[in-house]
2 protein chains.
Amino acid sequence: MASEHRTTKPTHRITAITPLLADLRGMDRATLAQDLVAGTLTAMLLIPQALAYALLAGLPPEVGLYASIVPPLVYALFGTSRTLAVGPVAIAAVMVSAALAPYAGDPDRYLTGALVLSALVGLWMLALGLLRLGWLTAFISHPVLSGFTTGAAIFIIGTQLPAMCGIPVARDAELLPLLTALFRDLPALNPAAVAFSSVTLTGLLLARGPLLRLLAHAGLSPATTAIVARTAPLALIILALFSAAALDAHERWDIAVVGVVPTGLPHLRTDILALPGWPSLLPSAALIALVAYVESISIAKALAFRRREKIDPNQELRALGATNLAAAGFGAMPVAGGFARSMVNFEAGARTQFAAIFTALWVGLAAATFAGLLHDLPKAVLATLIVVAVWQLIDVSSLKSTWRYDRGDGLAQAATLIGVLALGIELGLSIGVGLALLLFLYRTSRPHIAVVGRIAGTEHFRNIHRHVVETWPQLLLVRIDENLYFANTPRVESALQHLVVDRDELRAVVLILSGVAYIDASAREMLEALEASLAEAGIALHLAEVKGPVLDQLHGTALAQRLDGERIHISTQRAVGALTA
Amino acid sequence: MASEHRTTKPTHRITAITPLLADLRGMDRATLAQDLVAGTLTAMLLIPQALAYALLAGLPPEVGLYASIVPPLVYALFGTSRTLAVGPVAIAAVMVSAALAPYAGDPDRYLTGALVLSALVGLWMLALGLLRLGWLTAFISHPVLSGFTTGAAIFIIGTQLPAMCGIPVARDAELLPLLTALFRDLPALNPAAVAFSSVTLTGLLLARGPLLRLLAHAGLSPATTAIVARTAPLALIILALFSAAALDAHERWDIAVVGVVPTGLPHLRTDILALPGWPSLLPSAALIALVAYVESISIAKALAFRRREKIDPNQELRALGATNLAAAGFGAMPVAGGFARSMVNFEAGARTQFAAIFTALWVGLAAATFAGLLHDLPKAVLATLIVVAVWQLIDVSSLKSTWRYDRGDGLAQAATLIGVLALGIELGLSIGVGLALLLFLYRTSRPHIAVVGRIAGTEHFRNIHRHVVETWPQLLLVRIDENLYFANTPRVESALQHLVVDRDELRAVVLILSGVAYIDASAREMLEALEASLAEAGIALHLAEVKGPVLDQLHGTALAQRLDGERIHISTQRAVGALTA
């Protein structure tokens, strides 16, 4: 288990840190051409996403574009996934807006706060990766992540409704006050904004259904039609831009537009450290880092496995950490691997992270030349893109199936979902993670313990409550079906004491440890105390079916010395033989 | 497992809440006489402890006496232990002084704070008991508790050195500044105080060694001599009182004395709720409740088991909760079961909690009549009693043996001990509990996974790295030795993916689940995704040796439908037979 996460041998240290170099060796013109095609198609999806998710985070559009230039280049260098498309993502964007809610009144501080968040997210990831603590991220369970994603998606849709309707409503870290304000201000609805939203929505829905069928009918492969459909957002943005400019929509109907977007490339910023009170953003950054990493690694693993490639979780943490630090330095919001983008990249045939480099070059070109043209783009259009993108993240049916499969998991999922909607993004997620952990601890604290007897005529010992078995009044045979930890020690002790108390004829207790691979110090002390107090009551403690590693571990302890070989039996049958002789 | 904690049948609800009533039925004159003797002897130990631990907590002496009157009566009514002697204890006392350090300058507020702590400790215990969350207290492991106890004992000795030397040094929540101040003020040492300390120390040491041998020589039983030795503190206090008064020590040498102790019984107080900022004491109260409960329940369990009596952990939580609420209401500090006291009580032959009632009556009598006489008792004497009492709690050798037995446990124990000494009582304990939990999670996140092959000529399948076994290029047999939880799901997934990636001839993977008693929703989803991606790569996923409960749980899931019976094998041998046919 120790080494299966290494993708290269120790002699290739440099390619372990920058896997892209390993890809360079096998590079040929055909692969490069494939990467160029994939990178270009990905850029066509990424540009609208960059603009939309910046808006979602409450940031100027260029912050989304910047997140799609330098950060993906850094990931390309250090990441172990060949097809993960890194950039702004919806969930991280809404988490940024939740974390920065206190700064909502001060755009400068809000922007600096976003960059500080990128830096802190990067530092968290880098620290976990360097300390090889990636396993900690396992403590966000699938049900909690699913509940969180559904909750966050509903939350995001709520936050975009005002922009879709053209109603100016202040941002809020909670959904309910926002919806209340929206409902109150409904008379202020802007028909022109609604028109833009409706046209965009119709276009997106057409692109997903009828257009796909049309293209399939025309003989295109399903993969190609899917990719073409993914360019619909960019097409709709261009359409909206031209029509809004031609109609002079901003002036004529007073609809909110993107406004001034500086044309040019991001430059290195070192002024972000000036934000007073940045330590208060550490917890938010930890949550963003957790979600961003878990989302990225799941996509990376799934895609890599389809081509039998390997992902190194700790190297991914370090790579995404460096990527987010680069985001902070180049004026960008926190980034992660995006699902839709990565799928487009993968299905368009990306072979290496050169695809991502091409994507970044396209976005850089757009930022350097056309960004200024975005001025007239109605915000209602971007809000609609966001709503349609996150709509697919909503999965309420999984709540039912999780609940049916496991009550504890279902509870954690429901609590996370309700928590996000009722108490906000961060509190909801924290509650979910905490509750899942608590339920996990609860489960481990109650091991299965069975009193067993012998099935007559065999050497099989089974639960006395489930089978007709032989038992002996002077003998208690107890099988413990879990490793013995401090977490379940008190319960095991109580259970054993209760089993012993009422049996006056009892002379020996045999603990069958076939299911025990580990006995920690707390459990060992409990067994020692139990042995001593049983001895005082004239009852001998015996062990049977002790595994090799456990025997090794117990060797030399007071317990092993007391039991002295004679009371440790290789099988339950032998123990019974010795004790009933 | 569900019902073994109940001590009575549901028809006896009232005796489940007040177990003392059940004892009343079997009561006779002989039992009552035994309880009277035991209760009297216990009172002789409890009175000096009450005075000393109040001083240790930084509280007036009567607060310790009050803690020994009403609270033990309440415990007698609700507790399930027949011999646990409840009252002030050293560790809880020093935790009270750590929690109240911010109020050190204001005696009134400090005292109110102590009562608020009693109330909050009681509420925590009551809440955990009513919600049946007693299992949560299992998360303080033996090594952490041992490291904490040793650290706290050393800490306590440090805090008592100034009083033993007669040097007035301000209380501090950390040990180092306190010792620095003591060292700085060493020239201010009071020889009279040192004289009282030395005489007391000598007396206590004599009572523990030479006196015991003398009494044993005179033919007394070991149990009796032990009990007689326990009355030494009271004898020394009386001796010190008379000599200090006769010598007029307070006036003549300016040594610190106990001062005015109001004679009388505690009356019900309802004014403690007036402390502003009491919610800030909630975390401290939680830690005190945890330690007080864990200490009490261990003593109670050990003593009960020696007489084959039963303890109900959740009822104990509720009983101790009510006891601490009573402490708050009657002007007392937080209480718990004391080890030395309970041993005296047990060995003196206490049969029921009537012994505790007699103890409380004796303490009440003392408080009502003699408390005023304590005025001249030098604090140096009480400080010496504390030092000798907690000296026995120091167990450094356990650190070494724990480390040798298990590195993780040893680390947690050392971190707790060092944390308490370097960072203070509360932070040290929190660090220890947190670290133990983290190490526990780490362990559960890495299950043992073995690739197995068949030992030729048998049906046994063993680890390919440990045994000479048959393998098949088209077949991968993997045994997973732990329950599949969200905590280890990513690691299992990575491990399986890595095992599959480099095998071009591979056509089937068989997961051997003989060691898996539980698959949670996260792991189930992982297996479903794995099955799908393996299928895409032309590899079939099979399961073997799936336990009954796991089969039941998987029934109806997408995974079970995909595998459809044909790919779930009763034994590894059958799976191999089917796949190599």
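What you see is a predicted model; the values in this text were computed from it and never measured. Order of the sequence lines fixes the chain letters, A, B, ..., with proteins taken first and strands second; residue numbering starts at 1 for each chain.
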Given heavy-atom pairs under 4.5 angstrom as the criterion, report whether the side chain, backbone, both or neither of [X] touches chain B.
X	result
A/L499	neither
A/N488	neither
A/L534	both
A/A436	both
A/V144	neither

Counting heavy-atom pairs closer than 4.5 Å to chain A, which one of [options] comes out on top?
options	answer
B/S445, B/G556, B/A138, B/S146	B/A138
B/R306, B/R307, B/R524	B/R524
B/S141, B/A302, B/A532	B/S141
B/I297, B/T137, B/V501	B/V501

Quick check on the structure: residues of residues 402-409 of chain B within a heavy-atom distance below 4.5 Å of chain A, by number.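 Within residues 402-409 of chain B, the residues that come under 4.5 Å of chain A (heavy atoms only) are B/T402, B/Y405, B/D406, B/D409.
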[atom1] of [X] to [atom2] of [Y]: how many Å apart, nearest 0.5 Å?
X	Y	atom1	atom2	value
A/H498	B/D312	NE2	CG	7.0 Å
B/S298	A/M526	OG	CE	12.5 Å
B/H142	A/T489	NE2	OG1	6.0 Å
A/L437	B/L437	CG	CG	6.5 Å

B/K301 side-chain N/O to A/P490 backbone N/O, donor-acceptor pair under 3.5 Å: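 Side chain of B/K301 to backbone of A/P490, a donor-acceptor pair under 3.5 Å: yes, one is there.
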With a 4.5 Å heavy-atom cut-off, do B/L136 and A/L441 have their side chains touching?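 Not in contact.
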Taking side chain as C-beta onward, heavy atoms only, is B/N483 less than 4.5 Å from A/E482?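 Sidechains of A/E482 and B/N483: in contact.
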Between [X] and chain A, which part of the residue has a heavy atom less than 4.5 Å away: side chain, backbone, both or neither?
X	value
B/A304	neither
B/L145	neither
B/Q413	neither
B/A529	neither
B/I539	side chain
B/E536	side chain

Just by distance, no angles: are the side chains of A/Y518 and B/R443 close enough, under 3.5 Å, to form a donor-acceptor pair?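 Yes, because at least one side-chain N or O of A/Y518 sits under 3.5 Å from a partner of the opposite role on B/R443.
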Out of A/P143, A/A450, A/A521, return the one with the most heavy atom pairs under 4.5 angstrom to chain B.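 If we count pairs closer than 4.5 Å to chain B, A/A521 comes out on top.
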For the pair B/F440 and A/F440, name the ring-plane relationship: parallel under 30°, tilted 30 to 60°, perpendicular over 60°.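 The rings of B/F440 and A/F440 sit tilted, inter-plane angle from 30° to 60°.
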